[in-house]
Amino acid sequence: MASTQSVQAVAERADIHKSCRALEAIVNLLDDYSEAARAIVILHKKLAKALRDAATVKPTGEIPGNAFTSCASVFEVLSDVDAKFSKYVDKECDVINGEVKKWFKKLTKEEKAHDERIASVNARIKQAGQLYEKKAKRGAIDATEEHNRYINLLNTLGPEISQTK
């Protein structure tokens with residue numbers, strides 16, 4: 001049996017941010033859905049009450065009154081079922097919100113660390129370049145030696161920069 005291992009593809013920062021916006025939109029819509037589910041429960045309860053009230057009004061006949069009472073019972077049961085569903089939706093939305101928030105915090109930390117690594121490497125390259133230029137102005141002997149050091153540093157840092165990016 002072959003095992004399947006998922007290899008994470010390298011993603012560009014812009015693509016990651018686009019993904020984050022999509023996740024944020026989903027979370028916001030789930031919250032809206034949760035609110036709508038709670039609103040439906042309230043409407044079912046109000047409709048059941050209104051139907052019960054209509055059934056007890058004197059001019060309402062027996063047959064319409066029984067129909068109103070039956071409908072009110074249906075909406076009360078429906079509101080109970082929807083109330084349980086609404087609680088479940090709220091709970092799941094809270095869990096999803098928590099997980100997405102954790103992931104966003106982790107992503108922020110990783111982006112900050114990445115930016116710091118890039119800045120550190122760039123600072124080392126800049127420092128080496130300045131040192132090379134300084135020594136190159138002094139004399140040809142120092143310039144050749146310093147040029148070799150500068151090229152070696154660039155050769156060493158090149159793969160590091162590529163990997164970091």
(message) Quick check for you: to the nearest 0.5 Å, what is the distance between Leu51 atom CG and Thr56 atom OG1?
(response) 11.0 Å
(message) Which Ile, Leu, Val, Met, Phe, Trp or Tyr residues join Val74 in one cluster when any pair of side-chain heavy atoms under 4.5 Å counts as a link?
(response) none
(message) Salt bridge or not between Lys84 and Asp80? Use side-chain N to carboxylate O under 4.0 Å.
(response) no
(request) Supply the atom-to-atom distance Lys126 NZ to Asn122 CG, rounded to the nearest 0.5 angstrom. (result) 10.0 Å
(message) Just verifying a value: how many Å separate Asn97 CG and Glu24 CD, rounded to the nearest 0.5 Å?
(response) 10.5 Å
(message) Tell me every residue that passes salt bridge (charged side-chain N to carboxylate O under 4.0 Å, His left out) with Arg13, counting only those two or more places apart in sequence or in another chain.
(response) Glu111, Asp115
(request) Provide the full list of ring pair (Phe, Tyr, Trp, His ring centres under 6.0 Å) pairs with a residue in residues 34-58, sequence neighbours left out, each pair given once. (result) His44-Phe75
(request) Determine the minimum heavy-atom distance between Ala37 and Ser86, stating which atoms define it. (result) C-OG, 4.0 Å
(request) Indicate yes or no: at least one non-hydrogen side-chain atom of His114 is less than 4.5 angstrom from one of Ile118. (result) yes
(request) Kindly indicate whether the side chain of Asp53, heavy atoms from C-beta on, has any atom under 4.5 Å from the side chain of Lys49. (result) yes
(request) Identify the two heavy atoms, one from Cys93 and one from Asp31, that lie closest to each other, and give their separation to 0.1 Å. (result) CB-OD1, 3.9 Å
(request) Could you list who else is in Val27's hydrophobic cluster, with ILVMFWY side chains joined at under 4.5 Å, directly or through other members? (result) Ile16, Leu23, Ile26, Leu30, Ile96, Val100, Trp103, Phe104, Leu107
(request) Name all pairs fulfilling the ring pair (Phe, Tyr, Trp, His ring centres under 6.0 Å) condition that reach into residues 20-39, sequence neighbours left out, sorted by first residue then second. (result) none
(message) Salt bridge or not between Glu99 and Lys102? Use side-chain N to carboxylate O under 4.0 Å.
(response) yes
Show me the donor-acceptor pairs within less than 3.5 Å that the side chains of residues 61-71 make with the rest of the protein, sequence neighbours left out.
residue : atom : partner : partner atom : Å
Asn66   : ND2  : Glu62   : O            : 3.4
Thr69   : OG1  : Gly65   : O            : 2.9
Ser70   : OG   : Asn66   : O            : 2.9

